[in-house]
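Report on the following structure.
Throughout, numbering of the chain's residues begins at 1 and tracks the sequence.
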Amino acid sequence: MSFVFPPPAIASVPVLGKNERFAVHRIYCVGRNYEEHAKEMGFTGREPPFFFLKPADAVLPVDAGATGEMPYPSLTKNLHHEIELVVAIGIGGRNISAADAARHIYGYAVGLDMTRRDLQNEMKKQGRPWSIGKGFDLSAPIGPITPLAQAGDIHRAGISLQVNGVDRQRSSVDKLIWNVAETIEHLSAAWELQPGDLIFTGTPEGVAAVERGDLLVGEVDGLTSLRIKIS
């Protein structure tokens with residue numbers, strides 16, 4: 001098979017303790033999946049889950065112990081951090097039940113759903129899609145994937161983000177409105193999940209703006225931390 005131009009490199013994420021990398025198929029994100037974050041965004045209650053996508057090549061993979069560099073994106077003056085637990089799918093499927101979800105999980109990672117909040121808010125006001133606020137280049141920094149067997153009790157893990165050494169976000173994964181298994185059930189009813197899919201499961205309260213020069217350190221208990229410098 002020949003191509004008009006050379007195909008781009010496959011987007012991929014490092015795997016803790018392995019030479020092989022995790023090839024990314026799609027990036028799914030869950031909106032407003034912590035109650036306190038929903039409230040700070042002007043919403044309340046356990047609404048049905050909703051999803052948006054980022055391009056696979058929006059990942060900004062960072063190796064264990066390294067500090068990734070994220071250029072401050074164009075068109076925005078209000079870049080927000082959103083720390084998230086990321087689920088890496090290893091076995092695909094459609095209409096996966098919550099009870100069967102665990103066997104489809106390859107592992108977990110710490111991720112950031114970076115958001116051009118001013119652009120997102122403007123699109124919301126106009127009733128237009130807000131991909132420009134969420135799906136821009138390098139908008140999905142992510143640390144190494146920890147295989148499932150090594151991740152421990154992720155469902156009760158603490159999740160946090162510090163900016164320049166100061167707490168911005170701190171919560172627990174057990175405060176997810178829709179837990180990991182339920183999220184996989186809902187997602188797989190709408191899309192056939194594939195090996196290589198990443199699911200950003202939602203962010204807790206405390207989202208706020210970052211500036212050039214800021215150092216972001218995201219953590220989920222039991223996983224490798226994620227360090228990002230905004231340049």
Side-chain angles (χ1 to χ4, degrees), residues 8 11 13 24 26-44 47 49-62 66-86 109-143 159-171 175-177 198-220 225-231:
V13 178
V24 179
R26 288 177 182 165
I27 301 174
Y28 297 98
C29 303
V30 189
R32 298 198 296 262
N33 203 23
Y34 283 82
E35 184 176 358
E36 293 305 313
H37 173 59
K39 288 178 180 177
E40 75 180 355
M41 300 301 289
F43 298 86
T44 59
E47 60 186 327
F50 71 93
F51 309 100
F52 58 92
L53 285 84
K54 292 177 182 267
D57 62 0
V59 291
L60 173 53
V62 181
T67 299
E69 183 173 310
M70 179 185 174
Y72 196 95
S74 62
L75 302 180
T76 184
K77 295 181 180 178
N78 195 18
L79 176 66
H80 276 208
H81 58 72
E82 297 191 9
I83 187 67
E84 311 213 1
L85 170 69
V86 182
V110 181
L112 282 163
D113 167 19
M114 301 302 289
T115 303
R116 296 192 282 203
R117 190 72 71 200
D118 44 0
L119 302 186
Q120 182 193 32
N121 288 342
E122 183 59 32
M123 293 301 102
K124 284 181 177 180
K125 289 177 184 177
Q126 298 181 41
R128 295 176 177 176
W130 30 271
S131 295
I132 194 170
K134 288 286 191 179
F136 55 93
D137 296 343
L138 305 180
S139 61
I142 184 171
I159 181 171
S160 64
L161 180 77
Q162 292 190 331
V163 178
N164 301 325
V166 178
D167 266 15
R168 286 280 188 89
Q169 295 182 266
R170 186 168 294 275
S171 188
K175 293 184 178 179
L176 283 167
I177 295 173
L198 297 174
I199 304 170
F200 282 62
T201 57
T203 195
E205 69 276 12
V207 300
V210 292
E211 306 292 343
R212 289 179 176 87
D214 285 348
L215 175 65
L216 286 61
V217 180
E219 295 183 326
V220 174
S225 61
L226 170 64
R227 293 171 57 90
I228 290 288
K229 186 77 174 283
I230 307 297
S231 63

Margin query: Is there a side-chain contact between Asp57 and Pro8 in this structure, where contact means two heavy atoms from C-beta onward sitting under 4.5 Å apart?
Written below: no

Margin query: Please determine whether side-chain contact (heavy atoms from CB on, under 4.5 Å) holds for the pair Ile27 and Phe200, giving the CA-CA distance in whole Å, both sets of side-chain angles, and the decisive distance to 0.1 Å.
Written below: CA-CA 7 Å; Ile27 301 174; Phe200 282 62; 3.7 Å; yes

Margin query: With heavy-atom distances below 4.5 Å as the criterion, would you say the side chains of Leu60 and Ile228 are in contact?
Written below: yes

Notebook entry, point to check: Rounded to the nearest 0.5 Å, how far apart are NE2 of His80 and OG1 of Thr203?
Noted result: 11.5 Å

Note to self: Quick one: does any side-chain atom of Ser139 pair with a main-chain N or O of Lys134 as donor and acceptor, under 3.5 Å?
What the structure shows: yes

Next item on the list: Identify the two heavy atoms, one from Tyr34 and one from Pro204, that lie closest to each other, and give their separation to 0.1 Å.
Entry: CD1-N, 3.4 Å

Next item on the list: Could you pull out the closest heavy-atom pair between Pro55 and Gly135, with the gap in Å?
Entry: CD-O, 3.5 Å

Check: Is Asn33 reaching over with its side chain to a backbone N or O of Thr201, donor-acceptor style, under 3.5 angstrom?
Finding: yes

Check: Any idea which heavy atoms bring Ala11 and Val59 closest together, and the distance?
Finding: CB-CG2, 4.0 Å

Note to self: Checking Lys229 against Thr67: is there a side-chain donor and acceptor pair closer than 3.5 Å?
What the structure shows: no

Check: Can you check whether Leu112 reaches Ile83 side chain to side chain, under 4.5 Å on heavy atoms?
Finding: yes

Note to self: In the structure I gave you, are the side-chain heavy atoms of Leu138 and Pro71 within less than 4.5 Å of one another anywhere?
What the structure shows: yes

Next item on the list: Take Phe52 and Trp130 through the test side-chain contact (heavy atoms from CB on, under 4.5 Å) and record every step on the way to the result.
Entry: CA-CA 9 Å; Phe52 58 92; Trp130 30 271; 3.8 Å; yes

Check: Does the side chain of Glu84 reach to within under 4.5 Å of the side chain of Val30, using non-hydrogen atoms?
Finding: no

Notebook entry, point to check: Would you say the side chain of Met70 lies within less than 4.5 Å of the side chain of Pro141, judging by non-hydrogen atoms?
Noted result: yes

Checklist line | Atom of Leu119, atom of Gly133 and distance for their closest heavy-atom approach | finding: CB-CA, 4.4 Å

Next item on the list: Any chance you could lay out the side-chain contact (heavy atoms from CB on, under 4.5 Å) test for Tyr72 and Leu79, step after step, and finish with the verdict?
Entry: CA-CA 8 Å; Tyr72 196 95; Leu79 176 66; 3.7 Å; yes

Note to self: Taking Asp118 first and then Lys77, would you say they form a salt bridge - that is, a charged N and a carboxylate O separated by under 4.0 Å?
What the structure shows: no

Margin query: Regarding Gln169 and His81, do their side chains bring together a donor and an acceptor under 3.5 Å, going by distance alone?
Written below: yes

Checklist line | Approximate separation, where rounding is to 0.5 Å, of Ile142 CD1 and Leu226 CG | finding: 8.5 Å

Item checked: Atom CG of Asp137 with >12 non-hydrogen neighbours under 6.0 angstrom -> no

Next item on the list: Show your working on salt bridge (charged side-chain N to carboxylate O under 4.0 Å, His left out) between Arg117 and Glu82 and close with a plain yes or no.
Entry: CA-CA 11 Å; Arg117 190 72 71 200; Glu82 297 191 9; 2.6 Å; yes

Next item on the list: Mind checking the CZ-CD spacing from Arg170 to Gln162? Nearest 0.5 Å is all I need.
Entry: 6.0 Å

Next item on the list: Find the distance between CG (Asn164) and CD (Glu211) and round it off to the nearest 0.5 Å.
Entry: 10.5 Å

Check: When you measure from the side chain of Glu219 to the backbone N and O of Ser160, does any donor-acceptor pair fall under 3.5 Å?
Finding: no

Margin query: When you compare the side chains of Thr76 and Arg116, does any donor N or O come within less than 3.5 Å of an acceptor on the partner?
Written below: no

Check: Which value, rounded to the nearest 0.5 Å, describes the distance between Ser74 atom OG and Ile132 atom CD1?
Finding: 8.0 Å

Item checked: Any donor-acceptor pair under 3.5 Å from Arg26 side chain to Lys54 backbone -> no

Check: Hey, does Phe136 have a side-chain heavy atom less than 4.5 Å from the side chain of Met114?
Finding: yes

Next item on the list: May I have the step-by-step check of side-chain contact (heavy atoms from CB on, under 4.5 Å) for Leu216 and Arg227, ending in yes or no?
Entry: CA-CA 6 Å; Leu216 286 61; Arg227 293 171 57 90; over 6 Å; no

